[in-house]
Chemist: 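My questions all concern the structure below.
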Amino acid sequence: MARDRESVSGAKELETAKAQVELAWSYRSTGRTEEAIALLEEVVVVRERLLGPEDPDTIDARSDLASSYESAGRTDEAIALLEEVVADRERLLGPEDLYTIVLRTNLAFFYRSTGRTDEAIALLEEVVVVRERLLGPEDRDTINLKAGLGYIYPLAGRTDEAIALLEEVVADRERLLGPDDPDTIDARASLASCYWLADRPTEAIPLQEQVVADRERLIGPEDRDTIDARSNLASYYESAGRTDEAIALYEHVVADRERLLGPDDPDTINARASLAVSYYSAGRTDEAITLLEHVVANRERLLGPDDPDTIDARSNLAVSYESAGRTDEAIALYEHVVADRERLLGPDDPDTISARSNLASCYPRCP
């Protein structure tokens, strides 16, 4: 279509630009994002010249381009362009135009992805208020935005606000969608996580147990979300001192991930690392060491020797060596960890200082 219209109307005509927009979206849907960006950049230039920068079609093309930038990982460019688009639409159509509200929501999540958490929260709070006024508190997309806001609040240390909002979201979804709706279960999982962050384990653990049971019943025991829910529950058990329950669940998770994802999948390796920590907590040091040696080797091979997860695994292995009386091996590994952290994080980083302390405690004491 784009070639046909170009031959009839010329490359800079509006009909050609319209076809190019459709082609750009097709490119994006097949992962050809850079080609989509090149086309949309042409469309923006054409529409700005022929229609002007404030025409709705021009603004829509800039919005599509911003979205494509974000998909390509060019988030700073996406944010800069979408900020312009939002400002233009608010000025021309008003802040309560529904598509403008959608774009402001997108901008908030772009902010979140670049660590601009406070800006993301402020924008989402505004959007939620406007949507509730225009569409009512029971609009499904409005409730979804509240859930997103409840997820972001803890990143800013606002866990109590997250809990209050997510309790509201869970109640709304149970009433409007039913207790077995996937969105309802997701909201319960987020609420359980916030309870845990707020040191409310007596509320977090039963809720997460319910999430695991619901997912096993509704989407099956081998679904990835189900396995992730079990892994989270195992971590809660471990932190609450329920080590035997944590071990049983982590062993289940490791077996599932090895079978379904393969032994080299990052989630599989992370599950083995968590299981090793539980073994260590239960005094099963030899089993912890065997597992951690595999984790270190896999992470060095797949992530590289300087990856933070690789270094963390070496540190845990050194601790296990020390507990097993394998002091020389522990010292050699601690020295490796100290050198890595000094080089990568600097001598004053808390993790570097902690590594030095572990090494010092492992050296033989003078008589």
Side-chain angles (χ1 to χ4, degrees), residues 1-131 134-135 141-142 144-145 148-149 152:
M1 286 174 61
R3 280 197 300 271
D4 289 346
R5 285 180 174 169
E6 184 174 331
S7 66
V8 173
S9 308
K12 302 300 183 182
E13 296 297 321
L14 293 176
E15 285 299 310
T16 301
K18 185 176 180 180
Q20 285 175 318
V21 169
E22 298 298 327
L23 179 57
W25 279 106
S26 297
Y27 281 150
R28 273 192 60 181
S29 70
T30 55
R32 297 165 62 177
T33 310
E34 292 299 337
E35 291 169 276
I37 287 171
L39 273 180
L40 288 169
E41 287 174 336
E42 290 180 21
V43 170
V44 168
V45 170
V46 170
R47 287 183 175 171
E48 284 182 340
R49 180 173 57 83
L50 296 177
L51 302 175
E54 295 187 346
D55 183 87
D57 285 343
T58 304
I59 295 172
D60 285 347
R62 287 158 66 208
S63 172
D64 291 341
L65 179 57
S67 178
S68 296
Y69 281 151
E70 199 275 336
S71 295
R74 297 164 60 175
T75 312
D76 290 340
E77 292 169 276
I79 287 173
L81 189 55
L82 194 54
E83 285 174 335
E84 292 179 8
V85 169
V86 168
D88 287 342
R89 288 192 67 100
E90 286 180 337
R91 187 178 70 258
L92 297 169
L93 302 174
E96 296 188 350
D97 172 75
L98 287 179
Y99 189 59
T100 304
I101 294 169
V102 170
L103 294 179
R104 293 172 77 201
T105 303
N106 292 343
L107 179 57
F109 285 108
F110 288 2
Y111 285 151
R112 159 69 187 91
S113 69
T114 57
R116 296 166 63 176
T117 308
D118 290 340
E119 291 168 278
I121 287 173
L123 197 50
L124 279 177
E125 287 174 334
E126 291 176 11
V127 167
V128 166
V129 169
V130 173
R131 288 191 67 101
L134 295 175
L135 303 174
D141 288 337
T142 304
N144 291 343
L145 284 183
L149 187 54
I152 295 174

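The figures here come from the full heavy-atom set of this structure, side chains too, leaving out hydrogens, waters and symmetry mates.
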Chemist: Starting at CG of Leu124, measure out to CD1 of Ile152 and round the result to the nearest 0.5 Å.
Modeler: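 Between atom CG of Leu124 and atom CD1 of Ile152 there are 5.0 Å.
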Chemist: What distance do Leu93 atom CG and Ile101 atom CD1 have between them, rounded to the nearest 0.5 Å?
Modeler: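 Leu93 atom CG to Ile101 atom CD1 measures 11.5 Å (nearest 0.5 Å).
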Chemist: Would you sort out whether Asp55 and Arg47 count as a side chain to side chain contact (heavy atoms under 4.5 Å, CB included), showing the intermediate values?
Modeler: CA-CA 8 Å; Asp55 183 87; Arg47 287 183 175 171; over 6 Å; no
Chemist: Nearest heavy-atom pair of Ser63 and Leu103: which atoms, and what distance?
Modeler: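 That would be OG-CD2, 3.2 Å.
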Chemist: Is any side-chain heavy atom of Arg89 less than 4.5 Å from a side-chain heavy atom of Asp60?
Modeler: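 A side-chain contact exists here, since the closest heavy-atom pair is under 4.5 Å.
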Chemist: Report the C-alpha separation of Asn106 and Glu70 in whole Å, then their side-chain angles, then the decisive distance to 0.1 Å, and conclude whether the side chain to side chain contact (heavy atoms under 4.5 Å, CB included) test is met.
Modeler: CA-CA 10 Å; Asn106 292 343; Glu70 199 275 336; over 6 Å; no
Chemist: How far apart are the C-alpha atoms of Arg104 and Asp97, what are their side-chain angles, what is the distance that settles it, and do they pass the salt bridge (Lys or Arg N to Asp or Glu O under 4.0 Å) test?
Modeler: CA-CA 11 Å; Arg104 293 172 77 201; Asp97 172 75; over 6 Å; no
Chemist: What pair of heavy atoms forms the shortest contact from Ala108 to Ala120, and how long is it?
Modeler: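 The answer is O-CB, 3.2 Å.
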Chemist: Can you tell me how far OH of Tyr111 sits from CD of Glu83, rounded to the nearest 0.5 angstrom?
Modeler: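 Nearest 0.5 Å value for the CD-OH distance: 3.5 Å.
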Chemist: About how many Å separate CG of Leu145 and CZ of Phe109, when rounded to the nearest 0.5 Å?
Modeler: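 Result: 6.0 Å between the selected atoms.
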Chemist: Would you find a donor on one side and an acceptor on the other, under 3.5 Å apart, between the side chain of Thr100 and the backbone of Pro95?
Modeler: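 Looks like no, no N/O pair under 3.5 Å.
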Chemist: Could you tell me whether a side-chain N or O of Thr30 sits under 3.5 Å from a main-chain N or O of Ser26, the two making a donor and an acceptor?
Modeler: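 Between the backbone of Ser26 and the side chain of Thr30 there is a qualifying donor-acceptor contact (under 3.5 Å).
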Chemist: Looking only at heavy atoms, what is the nearest atom pair of Leu92 and Ile59, with distance?
Modeler: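 Between these two residues, the closest heavy atoms are CD1-CD1, 3.6 Å.
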Chemist: Which is it for Arg28 and Asp64 under the salt bridge (Lys or Arg N to Asp or Glu O under 4.0 Å) test, yes or no, and what are the steps along the way?
Modeler: CA-CA 11 Å; Arg28 273 192 60 181; Asp64 291 341; over 6 Å; no
Chemist: Going from CG on Leu39 to CZ on Arg32, what distance comes out if it is rounded to the nearest 0.5 angstrom?
Modeler: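 Answer rounded to 0.5 Å: 9.5 Å.
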Chemist: Taking the side chain as C-beta and beyond, is there a heavy-atom pair between Arg74 and Ile37 under 4.5 Å?
Modeler: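 In contact.
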